[in-house]
2 protein chains.
Amino acid sequence: MKQMTQRQAEILEYLREFIGREGFWPSIRDVQEHFGFRSTNAVMGHLRALERKGYVNRIPGQARTFRLLSDDGLPAGAVETEEIPVYGSIAAGYPDRIESSGEVGRLLVDIHTANIRRGGKTFALRVTGDSMIGAGIQNGDMVVVHPGIPRDGDIVAALIDGETTLKRYVHPRGGTPYLKAENPSYPELYPTTELVIQGIARAVIRNL
Amino acid sequence: MKQMTQRQAEILEYLREFIGREGFWPSIRDVQEHFGFRSTNAVMGHLRALERKGYVNRIPGQARTFRLLSDDGLPAGAVETEEIPVYGSIAAGYPDRIESSGEVGRLLVDIHTANIRRGGKTFALRVTGDSMIGAGIQNGDMVVVHPGIPRDGDIVAALIDGETTLKRYVHPRGGTPYLKAENPSYPELYPTTELVIQGIARAVIRNL
DNA sequence: GATAATAGTGCTCATTTGTTCAAAGATTGC
DNA sequence: GCAATCTTTGAACAAATGAGCACTATTATC
């Protein structure tokens, strides 16, 4: 496989970044706009080069149909990996706002390892506090969170009355769902105004 | 979130299947063709329902721009990853021989996520037993182990008197090292003949 | 029995989007 | 120096694609 140029690598990186961020591929004009090109043909040239060199594959004439073939330096579609943005920390203690100013890091795991599926907006949060200690989630752990509908017993990142916390979701048959800490020193949390589930914890990663 | 109908679930499943197989989203007409509809509007109806019920999200007017909100994940690739062999399970309980007949699986993680170095003889083991529960390591967790010389307080995979276990390594100043469980129901382990450290636990990964 | 939601057909339309032709300056290898 | 490749501009086109309107049937729901 031929070497790609600096500019071509930038284009390729943007494709990666876009699909990771948005969940679908960019159009030619999305790429054009991002790089500030005055013509879509600037993009076409690079894409043709990347295709010729074997980094990218597309369905001719069809919209947003990329495939990363890669290998060189970086992995690709063959291995089902997911780059997960880390959005800051979440309180596993008393509810708090998520402490984050956007993305603060990235995790990369394959989807089986992290127990996630393709297509959604998975993210990760660093846990602060010890209210989930009974579930083996400690202060400083990283939780991989996936948006979805929780079932009774799931551990969730939840927005309760305007603040965010990591707790176990309990939904009694016919009752109102509430949040339960896995630590006797913390009370159950019953929502007074709202309970929004931001995501379900799918995996816990801890560095020792 | 409202319940979806049988037909709507079929549509959703097709979206999943398609993105998983092709790597990009289908167009409305792709869906139409697959189900044999005579009109694209049949698809539109179902998509509108799925959107209204919160299972799917799209960018209006733009091609192949789906997002699955409930149960799914996506592609991408990126940084320094390491494929770690999984060698079976290790007892975090009473010492036992490592139950393994060679490699039984693989983990793929990036080296920062798993706190490891490249090129080492890192491996992973599934934990059996609950003797490390106090350190937040549960039955069924995966531990990433890296060979090395342990320091006092490290969690290690150790061979003690011919059997293997996962424990905390304690080395008192001027004393003999021993192994300590993080669970009051288990005793300290003092080696009678040998204590070989097979590796230091660097990370714990748990799927929820 | 009325009303709403579901499940389609058929057709048309406007945009989105990929593609092509023509051209030119910059860089690199021979 | 010359050819090849890279990088970009600009304009125009045609196909791909999502979306709307009108209408029919069936199945729940109240």
Side-chain angles (χ1 to χ4, degrees), chain A residues 1-19 21-69 72-73 119, chain B residues 1-19 21-70:
Chain A
M1 176 156 5
K2 285 177 200 128
Q3 184 68 33
M4 61 181 144
T5 67
Q6 175 60 38
R7 199 55 161 164
Q8 286 161 10
E10 283 173 39
I11 303 283
L12 187 59
E13 177 50 34
Y14 179 67
L15 296 182
R16 279 211 190 86
E17 187 271 330
F18 193 102
I19 181 78
R21 172 164 47 86
E22 302 292 344
F24 46 83
W25 296 102
S27 67
I28 304 291
R29 280 169 182 81
D30 288 334
V31 183
Q32 176 195 353
E33 208 170 309
H34 177 262
F35 286 92
F37 295 141
R38 308 241 17 246
S39 166
T40 56
N41 211 16
V43 181
M44 287 299 290
H46 292 125
L47 288 183
R48 263 193 281 265
L50 286 167
E51 282 193 87
R52 177 164 42 78
K53 293 180 179 179
Y55 292 93
V56 166
N57 187 230
R58 300 191 307 145
I59 312 295
Q62 306 203 335
R64 301 169 189 266
T65 54
F66 288 91
R67 283 195 192 106
L68 299 186
L69 304 174
D72 178 79
Chain B
M1 171 146 21
K2 284 172 202 134
Q3 185 67 33
M4 62 182 144
T5 67
Q6 176 60 38
R7 199 56 162 161
Q8 286 162 13
E10 283 174 41
I11 303 283
L12 188 59
E13 179 49 35
Y14 179 68
L15 296 182
R16 279 209 195 89
E17 187 272 327
F18 193 102
I19 181 78
R21 173 166 47 87
E22 301 292 344
F24 47 83
W25 296 104
S27 67
I28 303 291
R29 279 172 182 79
D30 287 335
V31 182
Q32 176 194 353
E33 208 170 310
H34 177 262
F35 286 93
F37 295 141
R38 309 289 241 350
S39 166
T40 56
N41 210 18
V43 182
M44 288 298 289
H46 291 126
L47 289 183
R48 264 192 280 265
L50 286 168
E51 281 192 86
R52 178 165 41 78
K53 293 181 180 179
Y55 292 93
V56 166
N57 186 230
R58 301 192 306 145
I59 311 294
Q62 306 203 335
R64 301 168 189 267
T65 55
F66 288 91
R67 282 192 192 109
L68 300 186
L69 304 177
S70 55

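Atom set for the values below is all heavy atoms of this structure, side chains included, hydrogens, waters and symmetry mates excluded. Each chain gets a letter, A, B and so on, in the order its sequence line appears, and its residues count up from 1.
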- [ ] Starting at OG1 of B:T5, measure out to NZ of B:K53 and round the result to the nearest 0.5 Å.
- [x] 5.5 Å
Open item on the list: Distance check, rounded to the nearest 0.5 Å: A:M4 atom CE versus A:H46 atom NE2?
Closed with: 12.5 Å
- [ ] Answer whether the closest heavy-atom distance between the side chains of A:R67 and A:I59 falls below 4.5 Å.
- [x] yes
- [ ] Report yes or no: does A:Q8 contribute a side-chain atom to a donor-acceptor pair with the main-chain N or O of A:L50 at less than 3.5 Å?
- [x] no
- [ ] Without swapping roles, check the side chain of A:R64 against the backbone of B:F24 for a donor-acceptor pair under 3.5 Å.
- [x] no
Task: Straight-line distance of B:I19 CD1 to B:L15 CG, nearest 0.5 Å - done: 9.5 Å
Open item on the list: Quick check: do B:W25 and B:T65 have side-chain heavy atoms less than 4.5 Å from each other?
Closed with: no
Task: Nearest-angstrom distance from the residue atom CD of B:Q6 to P of D:dT27 - done: 15 Å
Task: Terminal contacting nucleotides, 5' and 3', DNA chain C versus chain A (heavy atom, 4.0 Å) - done: C:dT17 to C:dA22
- [ ] Would you please name every residue forming a ring pair (Phe, Tyr, Trp, His ring centres under 6.0 Å) with A:Y14, sequence neighbours left out?
- [x] A:F18, A:H34, A:F35
Task: Pairs where residues 33-48 of chain A contributes a residue and the test salt bridge (charged side-chain N to carboxylate O under 4.0 Å, His left out) is met, not counting sequence neighbours - done: none
Open item on the list: Rounded at 0.5 Å granularity, tell me how far CD in A:E10 sits from CG in A:L12.
Closed with: 11.0 Å
Task: Non-hydrogen atoms of A:I28 and A:T40 that approach each other most closely - done: CG2-O, 3.9 Å
Task: Helical stems, DNA chain D - three or more consecutive Watson-Crick or G-U wobble pairs below 3.5 Å - done: C:1-30 with D:1-30
Could you pull out the protein-nucleic contacts involving nucleotides 2-6 of chain D (nitrogen or oxygen on both sides, under 3.5 Å)?
unit_1: D:dC6; atom_1: OP1; unit_2: A:K53; atom_2: NZ; d: 3.2
unit_1: D:dC6; atom_1: OP2; unit_2: A:R52; atom_2: NH2; d: 2.9

Open item on the list: For nucleotides 10-23 of chain D, give me one character per nucleotide, 5' to 3': B if any protein heavy atom sits under 4.0 Å from the base, S if the only such contacts are to the sugar-phosphate, - if neither.
Closed with: B-----SBBBSBB-
Open item on the list: Show the nearest heavy-atom pair for residues A:P26 and A:F66, with the distance to one decimal.
Closed with: O-CE1, 3.3 Å
